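Please read the structure below before turning to the comments.
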Amino acid sequence: ALLTGDLPTRNLARKDSLVEHLEDCTSMGLEVRPPNVNEGAGEFVTKDGEITFGLRAIRNVKSRTADEIEAKRPAGGYMVVYDLCERIDHGEVTKASLICLAKAGSFDSLHPCRASVVAALPEAIINGKKKGRQASRGQASLFGDDGGDALQVPEADAWTEDEQLAFEKETLGTYLSSHPLEKWVGKLERICGYNTKTFSRAEDKSSAVIGGVISNIAKKRTKSGGKPYAIFDLGDIDGSVKTTVWPKTYEKLSEYIVDGQIVVIDGSVDSRGGSCLLYTSPSP
């Protein structure tokens, strides 16, 4: 209910309340399944004690887009992406929305390779619009052309794990199938004194070493002198910590402050206001 309530105010340009609630699901042990054109709906729904990601929460997927996909879904579900593109109204479901649905993993139940689905979309859309025009004129193919379920999705080179996760972040606002830090967990545990789950225990003004992925960067300037600095979220598998890089450090390390960059930060803790913030130390 909380996740669905966040849908009207989604802002994929920054970390929003929906992502915060998804992080709460992770910490509570609640499984959030990827979006699925054959099971999901516009809203977040529950099944067998798990939550299925709402289609409306995906970039470029509007309410009427999700409603159209759900309304035209046959009893047995869509068979392939060509089948879906034949059934839908392309005025309601645009090419941009279909690409975002594929990048988010919404077609995984139809075909396991997301790159192949994206490669198939141009032909699937052309074929779907053609069949739609024929149906509207009451025409049938003289030679009995195969329907969408008979067309084959072309094989394409699968995206790397990092590419797939980057597309998930782009379209969902968060990582869902995995996390870029999965393969670094052991090393980070050896290097870092804290993670986002234990960071709240750090004493105010104490030093802290913590690792994560940079996201939601906001570049700002000081009121006095107009010197550049940055604020961003440093996220790991369990959550994120708001991080500020002041001008002296920013001048030295700005090239590393890039969305998706994995870093280890040595900083100082600010726990004023009931929440913990991380201020990077003056030295790199």
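This structure is a prediction, so every number in the text was calculated from the model and none was measured.
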Practice item. Any chance you could lay out the side chain to side chain contact (heavy atoms under 4.5 Å, CB included) test for Val241 and Tyr194, step after step, and finish with the verdict? Key: CA-CA 11 Å; Val241 172; Tyr194 295 95; over 6 Å; no
Practice item. Evaluate side chain to side chain contact (heavy atoms under 4.5 Å, CB included) for Ser178 paired with Leu165, printing each intermediate quantity in order. Key: CA-CA 7 Å; Ser178 182; Leu165 289 174; 3.9 Å; yes
Review point. Would Asp24 and Leu2 satisfy side chain to side chain contact (heavy atoms under 4.5 Å, CB included), going step by step from the backbone distance to the final call?
Key: CA-CA 11 Å; Asp24 289 340; Leu2 287 171; over 6 Å; no
Exercise for review: Run the numbers on Tyr82 and Val153 for side chain to side chain contact (heavy atoms under 4.5 Å, CB included), then give the verdict.
Suggested key: CA-CA 8 Å; Tyr82 294 98; Val153 173; 4.1 Å; yes
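Contact check for Leu7 versus Ser63: no side-chain heavy atoms found under the 4.5 Å cut-off. The side-chain heavy atoms of Val61 and Ile69, taken from C-beta on, include no pair separated by under 4.5 Å. In this structure, the side chains of Leu3 and Cys25 come closer than 4.5 Å at one or more pairs of heavy atoms. No side-chain heavy atom of Leu253 sits less than 4.5 Å from a side-chain heavy atom of Val245. Contact check for Arg10 versus Val19: side-chain heavy atoms found under the 4.5 Å cut-off. Contact check for Glu68 versus Thr65: no side-chain heavy atoms found under the 4.5 Å cut-off. Leu110 has its side chain out of reach of Val117: every pair of non-hydrogen atoms, C-beta onward, lies at least 4.5 Å apart. The closest side-chain heavy-atom distance from Leu101 to Ile58 is below 4.5 Å.
Of the options Thr243, Ile257, Val258, Ile214, a side-chain contact (heavy atoms from CB on, under 4.5 Å) to Val263 is made by Ile214 and by none of the others.
Minimum heavy-atom separation, Pro8 to Gly5: CD-O, 3.4 Å. Closest heavy-atom contact between Asn36 and Ser109: OD1-OG, 3.0 Å. Minimum heavy-atom separation, Ala120 to Val81: CB-CG1, 4.2 Å. Between Pro34 and Leu176, the shortest heavy-atom distance links the atoms CA-CD2, 3.5 Å. Between Cys113 and Ala156, the closest heavy-atom pair is SG-O, 3.9 Å. Pairing each heavy atom of Cys192 with each of Ile210, the nearest pair is SG-C, 3.7 Å.
With hydrogens and angles disregarded, no donor-acceptor distance shorter than 3.5 Å links the side chain of Ser97 to the backbone of Val93. In this structure, Thr222 contributes its side chain and Lys227 its backbone to a donor-acceptor pair below 3.5 Å. In terms of modelled atom types and a separation under 3.5 Å, the side chain of Asn195 and the main chain of Lys197 share a donor-acceptor contact. Between the side chain of Tyr78 and the backbone N or O of Arg73 there is at least one donor-acceptor pair closer than 3.5 Å. Between the His90 side chain and the Cys85 main chain, a donor and an acceptor come within less than 3.5 Å of each other. Checking side-chain atoms of Ser268 against main-chain N and O of Lys205 turns up no donor-acceptor pair under 3.5 Å. Of the possible donor and acceptor atoms, none in the side chain of Ser207 sits under 3.5 Å from a partner among the backbone N and O of Gly267. Judged by distance alone, with hydrogens and angles left aside, the side-chain atoms of Arg221 form a donor-acceptor pair with the main-chain N or O of Gly226 at under 3.5 Å.
Using a cutoff of 4.0 Å between basic side-chain nitrogens and carboxylate oxygens, Asp108 and Arg33 are not scored as salt-bridged. Ion pairing between a basic and an acidic side chain is recognised when a charged N comes within 4.0 Å of a carboxylate O; Lys242 and Asp233 show such pairing. Between Arg114 and Glu163 there is no salt bridge, since no side-chain N of the basic residue sits under 4.0 Å from a carboxylate O of the acidic one.
How far CD of Glu182 is from OH of Tyr175: 12.0 Å, rounded to the nearest 0.5 Å. For the atom pair OG1 (Thr196) and CG (Asp236), the distance works out to 3.0 Å, reported to the nearest 0.5 Å. Atom-to-atom distance recorded for Lys131:NZ and Ile126:CD1 is 13.0 Å, nearest 0.5 angstrom. One finds the CG atom of Asp238 at 9.0 Å from the NE2 atom of His179 (value rounded to the nearest 0.5 Å). Considering CD of Glu86 and CE of Met79, their distance stands at 13.0 Å, rounded to 0.5 Å. The structure places OH of Tyr250 at 4.0 Å from NZ of Lys219, a figure rounded to the nearest 0.5 Å.
By the criterion of side-chain heavy atoms lying less than 4.5 angstrom apart, applied directly or through intervening Ile, Leu, Val, Met, Phe, Trp or Tyr residues, Val32 is not grouped with Leu12; the two fall into different hydrophobic clusters. Linking Ile, Leu, Val, Met, Phe, Trp and Tyr whenever their side-chain heavy atoms come within less than 4.5 Å leaves Phe167 and Leu121 in two separate clusters. Under a hydrophobic clustering in which Ile, Leu, Val, Met, Phe, Trp and Tyr are joined whenever their side-chain heavy atoms come within less than 4.5 Å, directly or via other members, Val213 and Val209 fall into the same cluster. Leu188 and Phe199 sit in two unconnected hydrophobic clusters of ILVMFWY residues. Membership requires side-chain heavy atoms under 4.5 Å apart, directly or through other members. Val37 and Val45 are not part of a single hydrophobic cluster, where members link through side-chain heavy atoms under 4.5 Å apart.
Within 6.0 Å of atom CG in Asp157, 12 or fewer heavy atoms from other residues, nucleotides or ligands are found, so the atom counts as exposed in its surroundings. Within a 6.0 Å radius of CD in Glu251, no more than 12 heavy atoms belonging to other residues, nucleotides or ligands are found. Applying the 6.0 Å contact sphere to NZ of Lys72 captures more than 12 heavy atoms from other residues, nucleotides or ligands. For Trp159, the CH2 atom is densely surrounded, since the number of other residues' heavy atoms within 6.0 Å is greater than 12.
If you check the side chains of Glu168 and Ser177, you find a donor sitting under 3.5 Å from an acceptor.
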